[in-house]
Amino acid sequence: MNSTNEITGESRDQLQGWMLDKFGPLMTIAEVAGMFHISNESFRNTLHGSSDPNVKRLRASKVRLGRRVRFPTVAVVDTIAPIEAEQTSE
């Protein structure tokens, strides 16, 4: 990966395409929590209590459908891509 810890455009597009095929345009809390390998409750706690910029962006993107909460898949990719780039550059 490049030195700025960002995933390449091609890799990001592949990740986004795969996630859109698998989850569709909106993801549930359980699906997002599963992507991070944490429980639903841990994900909810992280959303409400974290000051991390990636979490803030994800929290701001949430969509309420009645009482249900969904996250745009593209916003989840935007959150995952920098994390993956950081892990692969180490």
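When reading the values below, keep in mind they use all heavy atoms of this one structure, side chains included, and skip hydrogens, waters and symmetry mates.
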task = Take Met19 and Ile80 through the side-chain contact (heavy atoms from CB on, under 4.5 Å) test and state the conclusion after the steps.
result = CA-CA 11 Å; Met19 288 182 65; Ile80 292 174; 4.2 Å; yes
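The neighbour count for Arg68 CZ, taken as heavy atoms of other residues, nucleotides or ligands under 6.0 Å away, does not exceed 12.
The shortest distance between side-chain heavy atoms of Lys22 and Glu31 does not fall below 4.5 Å. Under the 4.5 Å side-chain criterion, counting only non-hydrogen atoms from C-beta, Gln16 is not in contact with Thr73. Residues Val63 and Val69 have side chains not in contact (no heavy-atom distance under 4.5 Å, counting atoms from C-beta outward). Side-chain contact between Val32 and Leu58 is present, with heavy atoms from C-beta onward closer than 4.5 Å.
What you find for Ser61 and Ala75 is that their closest heavy atoms are OG-CB, 3.3 Å. Across every non-hydrogen atom of Lys56 and Arg59, the tightest pair is CG-NH2, 3.2 Å. In plain terms, the two heavy atoms of Pro25 and Leu20 that are nearest each other are CA-CD2, 4.0 Å. For the pair Val77 and Leu15, the tightest heavy-atom approach, listed with the atom from each and the gap, is CG1-CD2, 4.2 Å.
If you take CD1 on Ile38 and OG1 on Thr46, they are separated by 4.5 Å, rounding to the nearest 0.5 Å. The NZ atom of Lys62 sits 13.0 Å away from atom CZ of Arg70, with the distance rounded to the nearest 0.5 Å. In this structure, Phe71 CZ and Ile29 CD1 are separated by 5.0 Å, a value rounded to the nearest 0.5 Å.
Taking the six-membered ring where tryptophan is involved, the planes of Phe43 and Phe36 are essentially parallel, since the angle between them stays under 30° and well short of 60°.
A continuous path of Ile, Leu, Val, Met, Phe, Trp and Tyr side chains, each step under 4.5 Å between heavy atoms, connects Leu47 with Met35, placing both in one hydrophobic cluster.
For Asp78, the side-chain hydrogen bond (donor to acceptor under 3.5 Å, both in side chains) partners are Arg12, not counting sequence neighbours.
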